[in-house]
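Shown next, in structure tokens, is the structure this report addresses.
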Amino acid sequence: MAVEIDLSGRVALVTGGSRGLGRADALTLARAGADVAIADILVESEASEETDRWGALATAARAQGMVYTESTADEIRAMGRRSLALRCDVTEREQVAAAVERVVEELGSVDILVNNAATLDHVGQFHDQSPELWERDLRVNLTGSFNCAQAVWPHMKERQWGRIVNMASVAGTLGGFGQASYSTTKAGILGLTRTLAMEGARHGITCNAIIPGVIGTEAFNMANPAMNQRIVDRTAFKRPGEPQDVASAIAFLCSDLASYITGVGLNVSGGVELFVF
């Protein structure tokens, strides 16, 4: 076997791909040879006030022009790959089903699912956590991944091949001060990952999770600089990671090089989970 990541002939669906990690994931999978569909609540030509209900980061991204769903699809097509930009709310099962069906109709299959869509703006100590935002985070971060995985599952089973990569977080393995809802959903993602790995193996489907630490995305750069530095100082490298670090790990897990890896939570965290001093 050639030791290279070759996704030629595969079709990937990346959720939350309008910017940050999702955008890097989509571009990297395309560079490895895959055709890529990008699904996000934010699409440049389909602005909607509904996005306000999914939080401050989505609202700020739209207001500041940091939405690249369609432009990312254009970049992928410029590589010679096929690509779709789809507006999709992962909490709405009908929208998810319609998005998956469109990908199958236009691109031929869904071989790879990257569950990246998430909210990350509900910050406050436990006694100040909002019940409404708790429920929202469960719907987006956890149920959204369930919805998407369930929608692609029959297609992967039929082809007896599939790769599902779920986006967890060190907040889900270590806890997150002021992040009760976020850390809970990301811990849940790890449970979902292991269960899909067990049930998918007999159908040629692997399921793994990426556990990012502090990554220099747009969301990170919009946060409090002093708090960011405190987090960075906990890493072994004393610097944030880059979206490409996560995207490269995802491309590996989606390739035939990782055909015997499933149920894994892979830390891409710069050693933030280590005892660093």
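Any value given below was found using the heavy atoms of this structure, including those in side chains, with hydrogens, waters and symmetry copies removed. For clarity, every value in this text was computed on a predicted model and none was experimentally measured.
Residues in residues 145-165 take part in these salt bridge (charged side-chain N to carboxylate O under 4.0 Å, His left out) pairs, two or more places apart or across chains: Asp111-Arg159, Arg163-Asp256.
For Arg77, the salt bridge (Lys or Arg N to Asp or Glu O under 4.0 Å) criterion is met by Asp74, not counting sequence neighbours. When the salt bridge (Lys or Arg N to Asp or Glu O under 4.0 Å) test is applied to Glu106, the partners found at least two apart in sequence or on another chain are Arg102. Partners of Pro240 according to the side chain to side chain contact (heavy atoms under 4.5 Å, CB included) rule, which considers only residues two or more places apart in sequence or in another chain, are Val214, Phe220, Val232. Residues passing the salt bridge (Lys or Arg N to Asp or Glu O under 4.0 Å) test with Glu199: none are found, sequence neighbours excluded. Take Arg194 and apply the salt bridge (Lys or Arg N to Asp or Glu O under 4.0 Å) test, not counting sequence neighbours, and it matches no residue.
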Would Thr119 and Asn141 count as a side chain to side chain donor-acceptor pair (under 3.5 Å) here? Give the steps. CA-CA 7 Å; Thr119 57; Asn141 300 0; 3.3 Å; yes
Please assess Asn166 against Thr193 for the test side chain to side chain donor-acceptor pair (under 3.5 Å), listing each intermediate value before the final yes or no. CA-CA 7 Å; Asn166 295 324; Thr193 296; 3.0 Å; yes
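Defined by atom type and a distance below 3.5 Å, a donor-acceptor pair is present between the side-chain atoms of Gln244 and Thr28. Counted by atom type alone, Ser183 and Gln179 present zero donor-acceptor pairs between their side chains at under 3.5 Å. In this structure, a donor-acceptor pair under 3.5 Å is present between the side chains of Arg93 and Gln150. With no hydrogens or angles considered, no side-chain donor-acceptor pair links Thr69 and Asp40 at under 3.5 Å.
Cation-pi geometry between Arg139 and Trp134 is not met at under 6.0 angstrom from the ring centre and within 45 degrees of the axis. A cation-pi arrangement is absent between Arg19 and Tyr68 under the rule of less than 6.0 angstrom and at most 45 degrees off the ring axis.
Hydrophobic clustering, with ILVMFWY side chains joined whenever heavy atoms are under 4.5 angstrom apart, keeps Val246 apart from Val272.
The line from SG of Cys88 to CG of Leu42 is 12.0 Å long, rounded to the nearest 0.5 Å.
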